[in-house]
Amino acid sequence: MSAADPAPAEDFATAVLDWFERHGRHDLPWQHPATPYRVWISEVMLQQTQVSTVIPYFERFLARFPDVESLAAADRDDVLAHWAGLGYYARARNLHRCARMLVSQHNGEFPHALDDVAALPGIGRSTAGAILSLSRNAPHAILDGNVKRVLARYYAVPGWPGQTAVARRLWTLSEAVTPRRRARDFNQAMMDLGATVCNRQPQCQRCPLRSDCRGLAEGDPTVYPGRRPRRQKPLRQTTMLIIHGHGGILLERRPDTGIWAGLWSLPEATGDPETWAREQLGAGIQLLEESPATLRHEFTHFSLEIQPVRGRLMDETVVADNDRLWYDPLSDEAPGLPAPVHRLIHQKEPSE
Ligand code: SF4
């Protein structure tokens, strides 16, 4: 066998597990205790976010919603408020729906069958495998971003994993190397290896797989996994109004579909802000000079350019209702605000 030939599956697993004993992460908050509920919340938070960012969110979320029942019984606004800042809010809405489904259909417990878990809202095959293996040591493979990267490099799998054929090949490899008896440790080890060694700039000299890694033997493992084919993201532009009145700033609840669905946000004006205020609020606004600078926010499929305009309500007739509130950034507890809106609101207040 040459240096570029992958090791048999058992040797691969042994090398990774040995490395895990000494260098893996054993003290993550969701590992103690690693209940299905705690693992599930952490896995969903970790889908787009790094461990160090997730930890304080996880602890705050668990303090407020310690179990499936408390999450299922919560108001959606409360769940979104505890998610605010993590982005990708569909994840929080799905968590809430999933908790309600677990309570109404599964006695508040996660099912044992992989397919039943993968059928729950917001849980795909890899997250289902992670929940069941990390909490119950069930023998399921996973394929999150870290595992994809390690396997694609080690086996020199060409192509972008977003393509079905590439994903299918990586799933086959992941299932082949995952040991049935120690799926819990192995899956955690692969995630740790991908996050701390085989990351954007792989530190191959520290890697337990280096002697057989085909990507390394080829000279540049970073060509794997293949990149998503490039396409220009469209640019959308909007004007957001920071309207001062009633001792706070006017917020509106976003519709239930589209970006930031269900979160609180600044009103968006189409056309002239003063006309918009007269038509939508039935009140005039006086534009102020101290508007914050334009802000750009990147979504997966488009970029959003926000032009903030600051104004003051001329008469205080606009009242709060279910979909409107006056938020005092200095004293009120923050409702669920998208990160760029939070940034705009907490910039300098106008001088009186
Ligand atoms: S040897 Fe390098 S490229 Fe190969 S799996 Fe290890 S860290 Fe990744």
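Counting starts at 1 for both ligands and their atoms, following the listed order. Since the model is a prediction, treat every value here as computed from it, not as a measurement.
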Residue, atom name and distance, where the atom is the protein heavy atom closest to [atom]:
{"atom": "atom 2 (Fe) of ligand 1", "result": "Cys204 SG, 2.3 Å"}
{"atom": "atom 8 (Fe) of ligand 1", "result": "Cys198 SG, 2.4 Å"}
{"atom": "atom 6 (Fe) of ligand 1", "result": "Cys207 SG, 2.3 Å"}

If you measure from the Lys or Arg side-chain nitrogens to the Asp or Glu carboxylate oxygens, is any gap between Glu252 and Arg254 under 4.0 Å?
-> no
Taking the inter-plane angle between the rings of Tyr154 and Phe12 on a 0 to 90° scale, is it parallel (under 30°), tilted (30 to 60°) or perpendicular (over 60°)?
-> perpendicular
Is the Trp40 ring parallel, tilted or perpendicular to the Phe110 ring (thresholds 30°, 60°)?
-> perpendicular
Do Thr294 and Gln307 have side-chain N/O donor and acceptor atoms under 3.5 Å apart?
-> yes
For residues Asn94 and Arg91, is any side-chain donor paired with an opposing acceptor at under 3.5 Å?
-> no
Mind checking whether atom 4 (Fe) of ligand 1 has an N, O or S of Cys213 under 2.8 Å?
-> yes
Quick note on ligand 1: atoms under 4.0 Å from a heavy atom of Arg210 include exactly 1 (S)
Under 4.0 Å between heavy atoms, the region of Pro221 that gets near ligand 1 turns out to be side chain
